[in-house]
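Every number for a ligand or one of its atoms is a count from 1 in the order of the listing.
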Amino acid sequence: MTKIMRQSRYFLKTSKTKPAEDVSVNAILLEQGGFVQKVLAGVYSYLPLGWKVLSKIENIVREEMGAIGGQEMFMPSLHPKDNWQATGRWEGLDILFKIKSQHGNEYALGPTHEEIVTPAALPVINSYKDLPLAVYQIQTKFRDEPRAKSGLLRGREFRMKDLYSFHADEQDLLEFYDTIAIPAYQNVFKRLGLDAILTEASGGTFSKFSHEFQVEIGNGEDTIYICEKCGLAKNKEIFEEGVKCTKCGSDKYRETVASEVGNIFPLKTKYSSAFNLTYTDAEGNKKDVIMGCYGIGTSRLMGVIVEKFHDGKGIIWPESVAPFKVHLLAFKGAQEKAEIIYNDLLKAGIEVLYDDRDVSPGVKFADADLIGIPYRIVVSEKTLAQESVEVKKRSEVEVGLVKIKELSSVIK
Ligand code: ATP
Ligand code: MG
């Protein structure tokens, strides 16, 4: 592993030219920085650098879903038509990708997985003693979006975490929804350095609302109204002039634009009744299982993070999701010492991208700023005389000198 993170050998080339069609900041910086490559509108390859970032985001989501008892599983992308007909969504869901095979069979490409997870629970849930349960997956979704745009913010093929919970009654669902799922979501976004605004939206089948988690960005697609007193927001699609905040009763709002990074829904029996998912209660009565579903757009999150954390030179990754912690730049005449420092940092368990390329300092600096790794270390003859290297945080302007023997502990 250690020898692969040399930039000269890495599957990475930055680019000076901006992508032609897409003007959003995340598309420009992620493509120019060599994180992703556009394959077609709304469809991207994640190159090694970009896959590292996405994996870190998804691992944070994974940890927080595990912490609330979510059990990870993995469902297919290719779905039988019958399942989608059972819920009426074969015809009813406009963004559903439909495929006809050479044998004449029809399939859907999964845009979400209620149609698979609900029948999957049939052999598992029989009695009230089997409830509650929560399963989730992190997976590629397909949606035939009319306009795929803004880089990772709206794809036709994108990544999502979807969790599904199963309960004996509405009370149990609402308790999980309010006191377990919402705080877990807030933990996820906090760890990503984001302030996600809890927002009431339509789409709840029995609690009147679903809840979205919205992050304010200049090119967000949603308009939301944030209560100036308590911070709870409402999506424009359900907002009425003069309406009072459901949490604090205030009617003073601030309008802003944001991107939806998560959405949670109390589903009640919408899908369990379609698939006959029932359980027997303590008195022996058969009842429909009560369900909830909880989505997070992990690839959209990667785009939102770039929209929030960048400057004129490039990306400024939060440490929790940065592809590497250190970008080590070796200048002419100092390569030998840089090799030693590189190996010492690796031994100390620090993730390092080592720019060992034979290019000018200007090119190395520009790439380091574009790629946005949190710490930049420069090894040059100039400072080696003092047994030191230059250390600069991507988020700050100051450059400091650090003694080589103290480097690992300073970075840690
Ligand atoms: P939108 O209103 O943005 O179209 P949605 O409400 O249809 O999204 P959900 O079904 O709630 O989406 O999906 C859960 C999450 O998946 C969303 O909150 C969002 O973060 C993400 N997501 C949805 N559609 C896309 C897409 N086309 N590209 C990237 N991420 C998406
Ligand atoms: Mg949504």
Note to self: Does either side chain, that of Gln7 or that of His327, offer a donor lying less than 3.5 Å from an acceptor on the other one?
What the structure shows: yes
Note to self: Counting backbone and side-chain atoms alike, is an N, O or S atom of Glu260 positioned under 2.8 Å from the Mg ion (ligand 2)?
What the structure shows: yes
Notebook entry, point to check: Are any of the side-chain nitrogens in Asp356 or Arg9 under 4.0 Å away from the carboxylate oxygens of its partner?
Noted result: no
Notebook entry, point to check: What do you reckon, does Gly155 have a nitrogen or oxygen under 3.5 Å from a nitrogen or oxygen of ligand 1?
Noted result: yes
Check: Quick one: does Leu153 get a heavy atom under 4.0 Å from ligand 1?
Finding: yes
Next item on the list: May I ask you to list the atoms of ligand 1 that are less than 4.0 angstrom from any heavy atom of Gly262?
Entry: 18 (O)
Notebook entry, point to check: So which protein heavy atom does atom 17 (C) of ligand 1 come closest to, and at what separation?
Noted result: Glu260 OE2, 3.2 Å
Next item on the list: Report, as yes or no, whether the 6.0 Å neighbourhood of atom CG on Asp358 holds more than 12 heavy atoms from other residues, nucleotides or ligands.
Entry: no
Note to self: Can you tell me which residue among Phe265, Tyr177, Tyr185 is in a ring-ring contact (aromatic ring centres under 6.0 Å, His included) with His211?
What the structure shows: Tyr177
Check: In the protein, what heavy atom is nearest to atom 3 (O) of ligand 1, and what distance, to one decimal place, separates them?
Finding: Arg154 NH2, 2.7 Å
Next item on the list: Specify whether an N/O/S atom of Ser210 falls short of 2.8 Å from the Mg ion (ligand 2).
Entry: no
Check: Quick one: which ligand 1 atoms are inside 4.0 Å of a heavy atom on Glu145?
Finding: 24 (N), 26 (C), 27 (N)
Item checked: Closest approach of Tyr375 to Val391 (non-hydrogen atoms, all atoms of both residues) -> CD2-CG1, 4.3 Å
Check: Atom CD of Glu200 and atom SG of Cys227: how far apart are they, to the nearest 0.5 Å?
Finding: 10.0 Å
Margin query: Any carboxylate oxygen within less than 4.0 angstrom of a Lys/Arg side-chain nitrogen, looking at Glu170 and Lys268?
Written below: yes
Next item on the list: Of all the heavy-atom pairs spanning Ser259 and Leu153, show the shortest one and how long it is.
Entry: OG-CD2, 4.5 Å
Checklist line | Any N/O pair Ser299/ligand 1 closer than 3.5 Å | finding: no
Next item on the list: List every atom of ligand 1 that sits less than 4.0 Å from any heavy atom of Val261, numbering the atoms from 1 in the order shown and giving each element.
Entry: 18 (O), 20 (O)
Next item on the list: Of the side chain and backbone of Thr112, name the one, both, or neither that has a heavy atom under 4.0 Å from an atom of ligand 1.
Entry: neither
Notebook entry, point to check: What protein heavy atom sits nearest atom 7 (O) of ligand 1, and how far away is it?
Noted result: Arg143 NH1, 3.0 Å
Check: Is the cationic atom of Lys98 (NZ for Lys, CZ for Arg) positioned less than 6.0 Å from the six-membered ring centroid of Tyr107 and within 45 degrees of its normal?
Finding: no
Checklist line | Options Arg300, Met160, Arg156, ranked by nearest heavy atom to atom 14 (C) of ligand 1, top entry | finding: Met160
Checklist line | Shortest protein contact, atom 22 (N) of ligand 1 (heavy atom only) | finding: Phe158 CE1, 3.6 Å
Next item on the list: Identify which one of Tyr294, Phe166, Tyr164 satisfies the ring-ring contact (aromatic ring centres under 6.0 Å, His included) criterion when paired with Phe176.
Entry: Tyr294
Note to self: Can you report which non-hydrogen protein atom sits closest to atom 15 (C) of ligand 1, along with the distance?
What the structure shows: Gly297 N, 3.9 Å
